[in-house]
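Treat the numbers as computed from the prediction; the structure is a model and nothing was measured. Quick note on labels: first sequence line is chain A, next is B, and so on, each numbered from 1. No hydrogens, no waters, no symmetry mates; every other heavy atom, side chains included, goes into these values.
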2 protein chains.
Amino acid sequence: MPKKVVPEGERRRRRPTRQGTVLSEKLIVETALRMLREHGGAGLTARRLGAALGADPSTVYRYFAGLDGLTRAIGEELMGRALDSWTATGEWRADLRSLGLAVHASYLAHPQAALLTASRVTGRPREIEVDETILGILRGAGFGDADAVGVYHAFIDLALAFAALDAGALAIKDEVREADEHMWTSTYARLPAETHPHIAATARLLAERMNDSAYPVVLDTLLGRAEGQLAATRKRAAAP
Amino acid sequence: MPKKVVPEGERRRRRPTRQGTVLSEKLIVETALRMLREHGGAGLTARRLGAALGADPSTVYRYFAGLDGLTRAIGEELMGRALDSWTATGEWRADLRSLGLAVHASYLAHPQAALLTASRVTGRPREIEVDETILGILRGAGFGDADAVGVYHAFIDLALAFAALDAGALAIKDEVREADEHMWTSTYARLPAETHPHIAATARLLAERMNDSAYPVVLDTLLGRAEGQLAATRKRAAAP
DNA sequence: CCGTTAAGGTCTACAGCGTTGGCATAAGGA
DNA sequence: TCCTTATGCCAACGCTGTAGACCTTAACGG
């Protein structure tokens with residue numbers, strides 16, 4: 001690696017590249033996101049990124065510790081966007097629901113990027129901010145610490161897990177275009193009733209359902225359970 | 001690619017390689033799984049696989065349409081193993097629970113492989129078999145077709161999504177060894193209470209919890225909801 | 001038992017990848 | 001204006017996936 005990676009805050013000399021662009025972490029991450037969207041998951045390479053930036057490929061290594069470091073920064077960016085698009089109302093269940101959907105939506109807006117990052121815990125600032133926010137909502141609503149941590153754990157993992165899964169489906173759709181899209185109506189609907197009676201009987205319903213995300217349903221289920229827990233806690237506290 | 005990929009069933013001439021091994025899809029998939037486990041996610045390359053098999057790297061292309069085809073076959077194998085390790089009891093909720101845990105466990109037994117495959121729907125035989133089994137359990141329990149499809153959708157996506165997420169955590173642990181493992185006790189526990197009061201207050205609980213999977217809890221939540229649905233359906237049917 | 005055929009293993013080659021160390025240059029403090 | 005050094009550029013290394021030509025030998029018909 002060229003000597004050392006200088007964190008964005010400490011950069012002083014902003015020399016433009018031969019082609020005139022002035023680089024920054026922000027610009028590189030945004031360009032990478034655009035490339036992922038336009039050229040697919042395998043389309044993000046150091047050389048291509050350099051070309052898109054108007055800079056030598058190796059320059060990127062002055063800003064990130066390898067493409068892997070860039071990947072983590074991209075994940076952080078998606079988390080930040082989720083947080084920025086979200087506003088609290090004070091009603092804990094509604095707030096958690098909208099925050100979960102915001103995270104999910106932010107990742108799905110860049111499926112290829114989501115696939116690369118959703119299963120990685122980075123521990124970077126905006127990610128920690130999300131965690132702090134969730135715990136704050138729960139503790140503010142009256143959950144005990146143990147319950148709050150339990151709900152938080154399930155909540156954040158659920159959001160990330162479905163982000164990754166649904167992003168995978170979307171990414172494949174984008175790349176294979178229509179080839180996989182109708183698999184539920186093609187492959188599955190053709191199975192004979194003798195060998196696969198249950199799939200055959202529900203084929204039409206399957207085709208309708210499988211192209212949507214199951215996330216909202218599962219999220220509501222989880223929040224409903226949490227609400228029950230909270231009510232039980234309050235009852236115990238009120239009449240001991 | 002060498003002419004054509006011949007499906008396993010139609011192979012006739014089983015010529016041993018120069019080094020004496022007799023190849024088959026099964027042997028290649030098993031070897032690939034072992035390599036993923038031993039050398040990590042980036043350790044599976046055509047050349048290394050060839051070496052491990054005692055064959056020329058390009059031979060693999062006679063069995064699979066590129067490494068991507070091999071990847072799909074690996075996913076299929078993991079699904080098959082889940083199914084083989086599972087036995088039905090006739091009690092729908094218990095059966096679904098154990099099947100979900102079996103799928104999750106099968107993937108987690110090969111975290112690196114799971115990461116490569118968990119977010120891909122292959123439409124291959126064993127995967128379809130799992131789908132048929134789930135739908136059979138639900139419809140046998142008395143769910144209406146629409147409800148059955150709804151629960152099935154959430155159930156299978158949940159299992160795969162958590163498999164991918166937890167596999168990601170495991171894979172990183174395996175590779176970075178201890179560096180990330182204690183992140184919850186290192187990074188998060190060091191945050192000052194002024195800026196992150198909620199994380200600070202629950203740091204100890206977080207550290208205990210975040211290294212386990214939230215899957216069983218979320219799965220039970222989903223199954224509980226399904227049970228409620230079923231009871232409502234029955235009540236409606238009994239007293240219209 | 002032999003001859004023919006083609007399945008399938010091997011060789012060679014190519015274009016592209018991530019990454020690095022050395023070098024050149026210009027930005028900004030003095 | 002000069003000096004320091006951050007930062008962009010260049011060339012190179014060892015690796016990758018995979019295509020196509022080639023060669024060997026298993027399997028089958030007679």
Considering only nitrogen or oxygen atoms on both sides, find all protein atoms under 3.5 Å from nucleotides 12-14 of chain C and state each distance.
none

Show the distances under 3.5 angstrom between N or O atoms of the protein and N or O atoms of nucleotides 1-7 of chain C.
| residue | atom | partner | partner atom | Å |
| --- | --- | --- | --- | --- |
| dA6(C) | N3 | R13(B) | NH1 | 2.8 |

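Under a cutoff of 6.0 Å and an axis angle of 45°, R72(B) and F64(B) do not form a cation-pi pair.
Between T45(B) and dT16(D), a side-chain N or O to OP1/OP2 separation shorter than 4.0 Å is present. Taking 4.0 angstrom as the limit, Y63(B) places none of its side-chain polar atoms (N or O) nearer than this to OP1 or OP2 of dG8(C).
Distance, D68(B) CG to dG17(D) C1': 12 Å, rounded to whole Å. Rounded to an integer number of Å, the gap from CZ of R48(B) to P of dG17(D) is 9 Å. Atom-to-atom, CG of L23(A) to C1' of dT7(D) comes out at 9 Å; the value is rounded to the nearest Å. Note: CG (L49(B)) to P (dT10(C)) measures 13 Å, nearest angstrom. Between R62(A) atom CZ and dT19(C) atom P the separation is 15 Å, expressed in whole Å.
In R14(A), the CZ atom is crowded: over 12 heavy atoms of neighbouring residues, nucleotides or ligands sit closer than 6.0 Å.
As judged by a 4.0 angstrom heavy-atom cut-off over every strand, A46(B) is placed among the base-contacting residues.
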